[in-house]
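Reviewing the structure listed below.
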There are 2 protein chains.
Amino acid sequence: MPAARPPSDGGTRDRIRDAAVLRFARSGFDASVRAVAADAGVSAALVIHHFGSKDALHRACDEHVLAWIVASKRHNMGRATGGQLLQVLAESDEYAPLLGYVMRSLQSGGDVARAFVQHMIDDARVYVREAVADGIAKPSVDEDARARYLTLSALGTLSLSLTLDPPDDPENFSATLRTFLAEQYLPMIEMFAQGFLTSRRMLDDYLLYLSDPPTGGEPDDAPATATTSEEP
Amino acid sequence: MPAARPPSDGGTRDRIRDAAVLRFARSGFDASVRAVAADAGVSAALVIHHFGSKDALHRACDEHVLAWIVASKRHNMGRATGGQLLQVLAESDEYAPLLGYVMRSLQSGGDVARAFVQHMIDDARVYVREAVADGIAKPSVDEDARARYLTLSALGTLSLSLTLDPPDDPENFSATLRTFLAEQYLPMIEMFAQGFLTSRRMLDDYLLYLSDPPTGGEPDDAPATATTSEEP
DNA sequence: GCACCGACTGAACGCGTGTTTAGTCTGTTG
DNA sequence: CAACAGACTAAACACGCGTTCAGTCGGTGC
């Protein structure tokens with residue numbers, strides 16, 4: 001007979017899954033089944049009974065978090081521009097632990113990481129296109145590549161920053177994100193606003209180089225009359 | 001009696017350490033002591049005999065890789081600009097596995113990761129300062145923050161990219177890095193050359209906001225007379 | 001010769017892991 | 001009531017791990 005636990009709160013299986021998401025976010029995916037079980041207030045055997053194996057539990061957590069990502073994106077659509085999406089999500093204390101799970105996945109790879117990043121890239125593509133149409137952002141030679149780079153860069157910088165000095169309180173993702181932005185927002189926006197180089201020369205040289213590759217097949221547009229440019 | 005192994009090549013301890021660096025780079029730091037021992041052609045007990053514990057072996061690998069970083073930086077100084085440092089290092093097949101080790105550390109955190117990143121930041125500071133002095137790069141409001149951001153951004157993007165789709169052959173870092181650059185070089189240099197936004201407005205607004213914070217203590221320079229700017 | 005020492009090994013120990021087993025309890029269904 | 005089903009657990013199992021133990025080898029100093 002279990003002691004001081006609500007006899008039927010909303011499905012023991014879900015409670016175990018939620019506890020697992022939280023524990024994985026806190027301690028990484030090496031956390032033991034027994035630790036998850038203890039968090040959920042059940043025995044380790046019951047975890048296996050409900051999910052079959054630890055791997056299957058991991059997959060169930062992935063699916064749950066992934067479903068949440070899709071749902072919350074649909075809900076928050078239009079409420080924030082691309083750059084502030086994470087911030088808006090993190091503000092909600094309810095969803096913060098789920099973002100912790102996503103950050104863990106980002107460090108470990110796997111399907112959630114890929115799917116999450118792909119969603120972010122798709123969003124970025126939309127936001128960037130709108131920004132270009134509104135005259136806020138400069139156009140790019142390859143919009144898809146830029147959206148991908150911007151996303152990988154933002155998430156990679158955040159992930160590496162968190163890995164290098166882990167936050168004191170991984171639970172409160174909102175505070176963690178604020179700390180990160182307080183450090184990186186200035187150089188980031190400076191880069192966005194004015195770039196880094198004083199001239200377009202390097203870019204133009206590389207574009208020329210692309211249109212006249214030194215080896216392999218020919219490109220798909222320019223007739224390529226210029227060489228790799230050596231005059232000033 | 002050991003069978004077909006050179007009786008004295010250069011110290012068994014060093015051979016074990018080198019094997020460990022390689023194995024950790026390939027399989028991560030969860031690789032077992034027995035696996036390292038098998039790679040080195042010795043027994044697991046001998047590994048412990050020489051290093052005391054697996055943790056100590058890990059630390060020895062860290063120190064070795066760290067020492068290599070310092071030495072090779074000293075050697076390669078001036079041979080490459082900041083952005084191409086990694087590329088130059090990766091070209092040398094001899095050092096490629098060590099870079100694999102560094103990338104693993106970047107994903108796992110710890111002292112090597114911090115020290116490596118700090119070295120890269122220090123280098124970036126120098127290179128950026130020279131670039132600004134030569135008129136190649138635009139000056140920044142906070143040069144240190146920019147050097148830090150540029151480094152974290154570059155390494156974070158690379159690390160995340162490698163985590164999301166791990167290379168087929170983690171051994172030769174050179175090919176891996178070429179693949180990465182082939183995908184990301186264009187949007188990267190585009191960002192460096194022209195930035196992203198069409199106007200400095202967001203940056204200037206943020207600078208004004210910094211000089212007149214809405215709460216807490218006052219800043220250290222401007223007398224802060226402007227509000228948070230709402231006119232065009 | 002003989003004692004000593006460090007390199008080195010195979011076998012074992014202790015522990016934590018994921019998983020299985022056997023069984024108890026509770027609610028439902030005939 | 002009897003029979004079944006599923007939630008749930010304590011105990012055990014099998015395994016891989018880092019580490020320890022007891023002992024063998026080969027070289028060196030006396």
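Values in this document were obtained by computation on a predicted structure and should not be read as measured data. Letters A, B, ... mirror the listed sequences (proteins, then strands); counts begin at 1.
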On the nucleotide [N], are OP1 or OP2 found under 4.0 Å from the side-chain N or O atoms that [X] carries?
X	N	value
A:H49	D:dC8	no
B:H50	C:dC8	yes
A:S32	C:dG16	no

Output one line per pair: protein atom, nucleotide atom from nucleotides 10-13 of chain C, and distance, for all N/O pairs under 3.5 Å.
unit_1, atom_1, unit_2, atom_2, d
C:dA12, N6, B:R34, NH2, 3.4

- Message: Just so I know, are the side chains of B:L150 and A:F196 near enough to count as touching, which here means a heavy-atom distance under 4.5 Å?
- Response: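 Yes, close enough: below the 4.5 Å cut-off.
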- Query: Do A:T157 and A:M188 have side chains that get closer than 4.5 Å, going by heavy atoms?
  - Reply: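 Not touching, per the 4.5 Å side-chain cut-off.
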- Query: Can you tell me how far P of D:dG18 sits from CG of B:D30, to the nearest Å?
  - Reply: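 Nearest whole value for this atom pair: 9 Å.
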- Might you work through the side chain to side chain contact (heavy atoms under 4.5 Å, CB included) test for B:Y185 and A:Y149, ending with a clear yes or no? CA-CA 9 Å; B:Y185 190 78; A:Y149 167 75; over 6 Å; no
- State, to 0.1 Å, how close A:A35 and A:R23 come at their nearest heavy-atom pair, and which atoms those are.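 In this case the closest contact between A:A35 and A:R23 is CB-CD, 3.9 Å.
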- Answer yes when A:D18 and A:R15 have at least one side-chain N-carboxylate O distance shorter than 4.0 Å, and no when they do not.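 Here A:D18 does not pair with A:R15 in a salt bridge, since their nearest N and O are not under 4.0 Å apart.
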- Query: Just checking, A:R104 and A:F24: is the charged tip under 6.0 Å from the six-membered ring centre and within 45° of the axis?
  - Reply: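 Cation-pi check for A:R104 and A:F24: fails.
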- Between D:dG18, C:dC8, D:dT9, which nucleotide gets closest to the side-chain atoms of B:L46?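 Among the listed nucleotides, the one closest to the side chain of B:L46 is C:dC8.
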